Amino acid sequence: MAENKKMVEAITPINEDFTQWYTDICLKAELVDYSTVKGCTILRPYGYAIWENITHLLDARFKATGHENVAMPMLIPEGLLLKEADHVEGFAPECAWITMGGAEKLEERMCVRPTSETLFCDHWSHVLHSYRELPMKYNQWCSVMRWEKTTRPFLRTREFWWQEGHTIHETADEAIAETEQQLNTYADFCEQQLNIPVLKGQKTDKEKFAGAVATYTIEAMMHDGKALQSGTSHYFGDGFSKAFDVTFAGRDNTLQHPFQTSWGMSTRIIGAIIMTHGDDEGLILPPAIAPYQVVIVPVAAHKAGVLEKAEELRAALAEKYRVKLDDSDNSPGWKFSQWEMKGVPLRVEIGPKDIEKGQCVIVRRDTREKLFTPLETLDEVIAQQLDALGKNLYERAKQNREERTYTATAMDEIIDISESKTGYIKTMWCGDLACEEMMKEKAGVSSRCIPFVQEHLSDTCPCCGKPASKMVVWGKAY
RNA sequence: CGGGGUAUAGCGCAGAUGGUAGCGCGCUGCGUUCGGGACGCAGAGGCCUUGAGUUCAAAUCUCAAUACUCCGACCA
C-alpha cells in the first residue's frame, strides 16, 4: 500500500528547505561523499563523470581558440606569493602552508596553490624573450586549495577542481580581447550546453580578484533566487609582469612587460547545475553533460525476449548517445525513482506489451511526459527530445530569473524588496565603495556585477543621491 | 571566525529517573515477483565520535576536544 511504502532515499522538498534539498541531492544522487579530511569532499563516479564531461567540452573550446595545456607545481614558495602585494593580501589568509619536508623544517615555507598566477609569472620570467613568442596562452586542469571555514558540496570545499587559464600578450588590447573571449566562451558553454542563462558583466572593485585590474563574471541565478558566480575572467594589465619581472624585447627592441589575463571555471559549476535545474524528484541534468543521456528500464525483464530487446536498443542507441541499461534486480518502480533522482534526461521503458506493438515508452525527466514511440523512429525522437529538454531547462531557468529580477530607485524600496524576496535587484550606482557597503549593511545584498548591457533606471544613486550613471545588479550570493 | 544544532549498525532513528543496546531501511543467501519506490524465509553487521572526570556501575550525568550541519562573515 502506498502509505506504508518505504520511500527509500526520499529528499527534502525543494520549497521547504532549499539548502537541505541541495545537500540531499548531492549525497543521494551519489555525486559526492564527505571525506574524513576536514573541508573536503569526494567526487564519486557519477559526480566525477559530470565533471569529466564538462572538462572535455571546455577543453575542446580552449584548444579551438589556441590554448595549450600545461602542468605547474602544486606548491608555491612564500617568496613567490609575496611578490604581488594585492594578490598576497587576498590569498594569504586562506593558504595552507607546508613547513616540513620529511623530518626537516623547510628554509622557506610553501603554500598549496590557491591559484597559480605567481607560478605562471615566475615561469614566464624565465622563458619569455621576444614579442615573437607572444601571446602565450596556457591552461591547466588541476585542483587548488583554499582554507575555507565551512563546507558545502561543490560550492565551498577546501580543495576543489578547476581549470585556470593564464595568458600573456604583447598589448593591452590583445589581453583585454582575450579576457572577453574567454568570458564569452564560459557564457556560451553555460547557456548552450548547461542550459543555464547567465548575466555577463564586470565586478566592482570591491568584488574583483586580488591583483586584477578588472574582473569579469558570469552570474547565474539559482532556483531560490540566490546568485552564483559561475565563471570568471580577469585582466591584469602589466602589474604582475612588472612584479615578477616578466619582460620581452618588443618590435622596437625595447624591453617591455606583457599584459596578462587569467580565467577559471570550477567544480562549483556542478552546484549551479543542481540548483538551477533540479526539482523534488532530484537532479535534472543537461543532456550535454549527463553521464547517461538515456537510461533503459526493462519491464518484466524475466519474460522471454525483454532483456534481449532492451540490450538491442542499448547497443543501437550507444552509437550516438551515452546510454545505460539498468538490468539490475530492482523493481521497475524503484529504477524509475532512482534514475530520476540521478537526473537522467530521458528514460526508455520497454516491456512485453511494447515489444508486441513494436514500440517503447520515452519519459522526459523535466516534464515527466510519456511518449509512446515506435521503435523505428526511436533514434530521431530521442535526438529531438534531448534537444527539447535542454531548451526547456534553459527557458525555465530564464523565466525564474525574470520573475525574480526587481528594479529599484530608492533605498527604502531596495530594503523592502530584499526583505520580502530573493533575487536580483537592479539599481543605479554612483561608484562609491561606501554606497556598496551600505547596500550590504542595510539590504544584505552584494553587487553581483555591472552588466555589460546597461539600462538607465534613474539619474541618481539610491544610497547617496549623487548622480549615477552605472546600473548594478545586486543580490544574495552563494 | 561568531551564533545555533547534531554525533548510537552502511543510512535514518529509539534507547524516561545510570545497570554495558534495539527498530526500520539497506546489505548477503534462497524462493516468489516485476508497466511508479514488491514480498516471504534465513543471515551478517555496534569499543554507543574521542579524551578526561563523577560512580560499585556511563550510550545515558559533568567538562573538554574533534567532526559534521544550519545561519552569518569570506571566497570560485
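Reminder, nothing fancy here: chain letters follow the sequence lines and each chain counts from 1. A quick note: this is a predicted structure, and the numbers were derived from the prediction, not measured.
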Please measure how far the [atom1] atom in [N] lies from the corresponding atom in [M], and state the result in whole Å.
{"N": "B:U62", "M": "B:G19", "atom1": "P", "result": "15 Å"}
{"N": "B:U54", "M": "B:G12", "atom1": "C1'", "result": "33 Å"}
{"N": "B:C11", "M": "B:A52", "atom1": "C1'", "result": "31 Å"}
{"N": "B:A44", "M": "B:C30", "atom1": "C1'", "result": "15 Å"}
{"N": "B:U20", "M": "B:C48", "atom1": "C1'", "result": "10 Å"}
{"N": "B:C39", "M": "B:C34", "atom1": "C1'", "result": "12 Å"}
{"N": "B:C63", "M": "B:G4", "atom1": "P", "result": "15 Å"}
{"N": "B:C41", "M": "B:G24", "atom1": "P", "result": "12 Å"}

Using the 3.5 Å cut-off, write out each protein N or O paired with an N or O of nucleotides 4-6 of chain B and the distance between them.
none

Original post:
Counting any heavy atom closer than 4.0 Å, what does A:G271 reach on the DNA or RNA strands: base, sugar-phosphate only, or nothing?
Top reply: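 If one applies the 4.0 Å heavy-atom cut-off, A:G271 turns out to touch nothing in the nucleic acid.
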
**OP:** For RNA chain B, determine which residues of residues 348-355 of chain A have any heavy atom closer than 4.0 angstrom to one of its atoms, and list them numerically.
**Re:** A:E349, A:G351, A:P352, A:K353, A:D354

Original post:
Quick one, which residues of residues 293-308 of chain A touch RNA chain B with a heavy atom under 4.0 Å?
Top reply: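 When residues 293-308 of chain A is checked for heavy atoms under 4.0 Å from RNA chain B, the hits, listed by number, are A:V299, A:A300, A:H302.
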
Original post:
When syn is taken as a glycosidic angle within 90 degrees of 0, is B:C47 syn or anti?
Top reply: syn

Subject >> B:A16, syn or anti by chi within 90 degrees of zero >> reply: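 Syn.
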
Original post:
Quick one: is B:A38 close enough that its OP1 or OP2 comes under 4.0 Å of any side-chain N or O from A:S331?
Top reply: yes

Original post:
Has A:K38 got a side-chain N or O lying under 4.0 Å from the OP1 or OP2 atom of B:C68?
Top reply: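 Yes, A:K38 has a side-chain N/O under 4.0 Å of OP1/OP2 on B:C68.
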
Given that both distances must come in under 3.5 Å, which nucleotide forms a Watson-Crick or G-U wobble pair with [N]?
{"N": "B:U54", "value": "none"}
{"N": "B:G37", "value": "none"}
{"N": "B:U28", "value": "B:A42"}
{"N": "B:C1", "value": "B:G72"}
{"N": "B:C48", "value": "none"}
{"N": "B:A59", "value": "none"}
{"N": "B:U66", "value": "B:A7"}
{"N": "B:C23", "value": "B:G12"}

Whole-Å distance between [N] [atom2] and [X] [atom1]?
{"X": "A:D326", "N": "B:G35", "atom1": "CG", "atom2": "P", "value": "14 Å"}
{"X": "A:Q359", "N": "B:G35", "atom1": "CD", "atom2": "P", "value": "17 Å"}
{"X": "A:W147", "N": "B:C1", "atom1": "CH2", "atom2": "P", "value": "11 Å"}
{"X": "A:W339", "N": "B:G37", "atom1": "CH2", "atom2": "P", "value": "19 Å"}
{"X": "A:D33", "N": "B:G10", "atom1": "CG", "atom2": "P", "value": "13 Å"}

**OP:** Only pairs at least two apart or in different chains count here, so list each ring-ring contact (aromatic ring centres under 6.0 Å, His included) that has a residue in residues 276-311 of chain A.
**Re:**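 Those involving residues 276-311 of chain A are A:Y292-A:W339.
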
Original post:
Tell me the ring-ring contact (aromatic ring centres under 6.0 Å, His included) pairs involving residues 344-376 of chain A, sequence neighbours left out?
Top reply: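 Matches after skipping sequence neighbours: none remain.
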
**OP:** List the steps, then state whether salt bridge (Lys or Arg N to Asp or Glu O under 4.0 Å) holds for A:R365 with A:D279.
**Re:** CA-CA 10 Å; A:R365 175 62 184 85; A:D279 67 13; 2.8 Å; yes

**OP:** Could I get the full list of salt bridge (charged side-chain N to carboxylate O under 4.0 Å, His left out) partners for A:D280, not counting sequence neighbours?
**Re:** none

Original post:
Residues in salt bridge (charged side-chain N to carboxylate O under 4.0 Å, His left out) with A:R109, at least two apart?
Top reply: A:E78

**OP:** Report, as a single string ordered 5' to 3', how protein heavy atoms within less than 4.0 Å touch nucleotides 69-76 of chain B: B base, S sugar-phosphate only, - not at all.
**Re:** SSSBBBBB

**OP:** Before accepting this row, confirm whether a basic side-chain N of the pair A:D366/A:R364 lies closer than 4.0 Å to the acidic partner's carboxylate O.
**Re:**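 Here A:D366 pairs with A:R364 in a salt bridge, since their nearest N and O are under 4.0 Å apart.
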
Original post:
Is the shortest side-chain N to carboxylate O distance from A:E281 to A:R368 below 4.0 Å?
Top reply: yes

Original post:
With no hydrogens and no angle check, is any side-chain donor or acceptor of A:T267 less than 3.5 Å from a backbone partner on A:W161?
Top reply: yes

Original post:
Any donor and acceptor pair, going by atom type alone, linking the side chain of A:N53 with main-chain N or O of A:I289 inside 3.5 Å?
Top reply: yes

Subject >> Given A:L57, A:I269, A:L285, the one that forms side-chain contact (heavy atoms from CB on, under 4.5 Å) with A:L194 >> reply: A:I269

Any salt bridge (charged side-chain N to carboxylate O under 4.0 Å, His left out) involving [range]? Give me the pairs, sequence neighbours left out, ordered by first then second residue.
{"range": "residues 179-207 of chain A", "result": "A:R61-A:D188, A:K203-A:E219, A:D205-A:K208"}
{"range": "residues 30-50 of chain A", "result": "A:E30-A:K342"}
{"range": "residues 300-313 of chain A", "result": "A:K309-A:E312, A:E311-A:R314"}

Original post:
Can you pull the side-chain hydrogen bond (donor to acceptor under 3.5 Å, both in side chains) pairs that have at least one residue in residues 81-94 of chain A, sequence neighbours excluded?
Top reply: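 side-chain hydrogen bond (donor to acceptor under 3.5 Å, both in side chains) check on residues 81-94 of chain A returns no pairs.
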
Original post:
Using a distance-only test with no angle check, is there a side-chain donor-acceptor pair under 3.5 angstrom linking A:W474 and A:T427?
Top reply: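 Short answer, yes.
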
Original post:
So, is the end of the A:R158 side chain (NZ or CZ) under 6.0 Å from the ring centre of A:W147 and within 45° of the ring's axis?
Top reply: yes

Subject >> Donor-acceptor pair under 3.5 Å, A:E340 side chain vs B:G36 base >> reply: yes

